[in-house]
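As structure tokens, the structure follows; a few thoughts come after it.
These numbers come from the heavy atoms of this one structure, side chains and all, not from hydrogens, waters or symmetry mates. Predicted model, so just to flag it, every value in this text is computed and none were measured.
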Amino acid sequence: EDVMVEDYDHTMVPYKPRPNNWMNAYDVGFTNNTNLTLNGGTDETTFYMSMNFRRDKDVYPRTAFNKYNGMLKASHDLTDYLTIQGSMTYTNSNPKNPPVNFGSQYTAYSFNRMYNTNKYSTEEVWQADHGGTPSNAYGDEYADVPNNGLWFNMYKDLTERRENTYRPIVKITAEATDWLSFTAEGNMNIFDVVQENKDLGAGYQNEGGSYRLSHSHDQQMTGNFTGQ
């Protein structure tokens, strides 16, 4: 017969370890990677286009990463001695919620082997009726469950970053003679980053919450002219 002991929520449970209580904290992750390439042309014009979409859903709850890449290149002979080339590269990255190292809570025994992850990681446990984490100061039912703030922050807070990169290039080549050519080239790098941080606040009626939105923009241009 099992020995019964008082659990964190003051119910009586068998005194024995819970199988896979650490593993139950993780989600099922997956990665999807899709590529598309097109190319073609005529005697005077050629083009190449590629697109890539990658989607990662992490094993850590609410952690994800999406990335889009696109490139278009083209070349056209304006005359027998004059050629123009151009390309555009675009990248969009969207990382969301960096992983929380909750594994240390299990290895350091903040959560012991009897800790019921499936139960205590649910919203009704780690969020009290007043909006924050349970507290004995307000007589909350699950106030004695350890580290409710871990799950609260993991499921209620948000850190998201959206990065856009553009890189256009234009190149013109003139064949002056059989032994002399001139090339003019210009390119631009444009970086655009938006980051959003939402902290709901784990105190009474979500006291201590915050919101932050930042934006940065950087632009670089270079050009060169050569003869050879």
Go through the steps to decide whether Lys16 and Asp2 satisfy the test side-chain contact (heavy atoms from CB on, under 4.5 Å), and finish with yes or no. CA-CA 8 Å; Lys16 59 182 180 181; Asp2 292 329; 3.7 Å; yes

Could you walk me through whether Thr183 and Lys171 satisfy the side-chain contact (heavy atoms from CB on, under 4.5 Å) test, starting with their C-alpha distance in whole Å, then the side-chain angles of each, then the deciding distance to 0.1 Å, before giving a yes or no? CA-CA 7 Å; Thr183 299; Lys171 180 179 179 181; 3.5 Å; yes

Please evaluate residues Asn147 and Tyr120 with respect to the criterion side chain to side chain donor-acceptor pair (under 3.5 Å), reporting the C-alpha separation (whole Å), side-chain torsions for both, the decisive distance (0.1 Å), and the verdict. CA-CA 10 Å; Asn147 216 343; Tyr120 294 133; over 6 Å; no

Dump the intermediate steps for side chain to side chain donor-acceptor pair (under 3.5 Å) on His130 and Asn206, then the final yes or no. CA-CA 8 Å; His130 54 70; Asn206 302 119; over 6 Å; no

Start with the C-alpha gap between Asp27 and Lys57, add the side-chain angles, then the distance that decides, and say whether side-chain contact (heavy atoms from CB on, under 4.5 Å) holds. CA-CA 9 Å; Asp27 287 343; Lys57 180 182 179 298; 3.6 Å; yes

Glu160 vs Asn94, side chain to side chain donor-acceptor pair (under 3.5 Å): CA-CA, chis, key distance, verdict: CA-CA 7 Å; Glu160 184 172 6; Asn94 180 212; 3.1 Å; yes

Apply side chain to side chain donor-acceptor pair (under 3.5 Å) to residues Asn148 and Tyr8 and explain how you reach the verdict. CA-CA 11 Å; Asn148 280 319; Tyr8 297 117; over 6 Å; no

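No side-chain donor-acceptor contact under 3.5 Å links Asn24 and Tyr115. Asn97 and Thr159 share no donor-acceptor pair across their side chains, judged by distance under 3.5 Å alone. No side-chain donor-acceptor contact under 3.5 Å links Asn116 and Asn21. Looking at Tyr155 and Gln127, their side chains never bring a donor and an acceptor atom within 3.5 Å of each other. A side-chain N or O of Thr34 and one of Asn32 form a donor-acceptor pair less than 3.5 Å apart. A donor-acceptor contact closer than 3.5 angstrom links the side chains of Asn189 and Arg167.
Linking ILVMFWY side-chain heavy atoms closer than 4.5 Å, directly or via other members, places Trp22 and Trp151 in a single hydrophobic cluster. Linking Ile, Leu, Val, Met, Phe, Trp and Tyr whenever their side-chain heavy atoms come within less than 4.5 Å leaves Phe30 and Tyr60 in two separate clusters. Residue Val145 is not grouped with residue Tyr138 when hydrophobic side chains (ILVMFWY) are merged at heavy-atom distances under 4.5 angstrom, including chains of intermediate members. Hydrophobic clustering places Val59 together with Met154 (ILVMFWY residues linked when any side-chain heavy atoms are closer than 4.5 Å, directly or through intermediates). Under the 4.5 Å side-chain heavy-atom criterion for grouping Ile, Leu, Val, Met, Phe, Trp and Tyr, Val13 is connected to Val3 within one hydrophobic cluster.
Ser75 approaches Gln85 most closely through the heavy-atom pair OG-CG, 3.6 Å. Taking both residues in full, the closest heavy atoms of Gly131 and Phe152 are given as O-CE1, 3.4 Å, listed atom of the first, atom of the second, then distance. Scanning all heavy atoms of the two residues, the minimum distance from Ser135 to Ala143 falls at C-CB, 3.4 Å. Closest of all the heavy-atom pairs between Arg62 and Lys156 is NH1-N, 3.9 Å. Closest approach of Met114 and Pro14 over heavy atoms only: CE-O, 3.6 Å. Here the closest non-hydrogen pair linking Leu82 and Ala174 is CD1-CB, 3.8 Å.
A distance-only check finds no donor-acceptor pair linking the side chain of Asp140 to the backbone of Asn136 [under 3.5 Å]. Under the 3.5 Å distance criterion, the side-chain polar atoms of Asp56 are left unmatched by any main-chain donor or acceptor of Asp58.
Using a 4.5 Å cut-off on side-chain heavy atoms (C-beta onward), Asp144 and Asp9 make no contact. Counting heavy atoms from C-beta on, the side chains of Glu44 and His76 come closer than 4.5 Å. Contact annotation: the side chain of Phe65 never approaches that of Arg55 to less than 4.5 Å [non-hydrogen atoms, C-beta and beyond]. Two residues are said to be in side-chain contact when any heavy atoms from C-beta on lie closer than 4.5 Å; Asn164 and Tyr90 meet this criterion. The shortest distance between side-chain heavy atoms of Ile169 and Glu185 falls below 4.5 Å. Side-chain contact check for Gln219 versus Met188: some heavy-atom pair is nearer than 4.5 Å.
The number of heavy-atom neighbours closer than 6.0 Å to CG of Asn33, taken from other residues, nucleotides and ligands shown, is above 12. In this structure, Met221 places its CE atom where only 12 or fewer heavy-atom neighbours from other residues, nucleotides or ligands lie under 6.0 Å away. Around the CG atom of Asp129, the shell of radius 6.0 Å holds no more than 12 heavy atoms that belong to other residues, nucleotides or ligands. When the shell of 6.0 Å around CD of Gln228 is examined, it contains 12 or fewer heavy atoms from other residues, nucleotides or ligands.
A distance of 11.0 Å separates CG in Asn35 from CZ in Arg54, rounded to the nearest 0.5 Å. Taken to the nearest 0.5 Å, the CG atom of Asp192 stands 7.0 Å off from the OG atom of Ser216. Rounding to the nearest 0.5 angstrom, the gap separating the OG atom in Ser50 from the CG atom in Leu38 is 9.5 Å. Annotation: the span from Phe53 atom CZ to Tyr68 atom OH amounts to 4.0 Å, rounded to 0.5 Å. Rounded to the nearest 0.5 angstrom, Arg162 CZ and Asn66 CG are separated by 12.0 Å. With rounding to the nearest 0.5 Å, the separation of OG1 in Thr42 from CZ in Phe47 is 10.0 Å.
The aromatic rings of Phe111 and Tyr106 stand perpendicular to each other, their planes meeting at an angle above 60°, with 30° marking the opposite boundary.
Taking a cutoff of 4.0 Å between a charged side-chain nitrogen and a carboxylate oxygen, Asp199 and Arg212 do not qualify as a salt bridge. Looking at Lys198 and Asp157, no side-chain N of the basic residue comes within less than 4.0 Å of a carboxylate O on the acidic one, giving no salt bridge. Look at Arg161 and Glu196 and you find no salt bridge, because none of the NZ, NE, NH1 or NH2 atoms lies under 4.0 Å from a carboxylate O.
Aromatic ring centres of Tyr26 and Phe102: separated by under 6.0 Å. Between Phe191 and His217, the ring center distance fails the sub-6.0 Å criterion.
The side chain to side chain donor-acceptor pair (under 3.5 Å) with Asn69 is formed by just one residue from the set Thr89, Thr165, Thr91; it is Thr91. Test Thr117, Asn118, Val125 against Ser121 for side-chain contact (heavy atoms from CB on, under 4.5 Å) and you get one pass: Thr117.
By the salt bridge (charged side-chain N to carboxylate O under 4.0 Å, His left out) test, Glu175 is found to be paired with no residue, residues two or more places apart in sequence or in another chain being considered.
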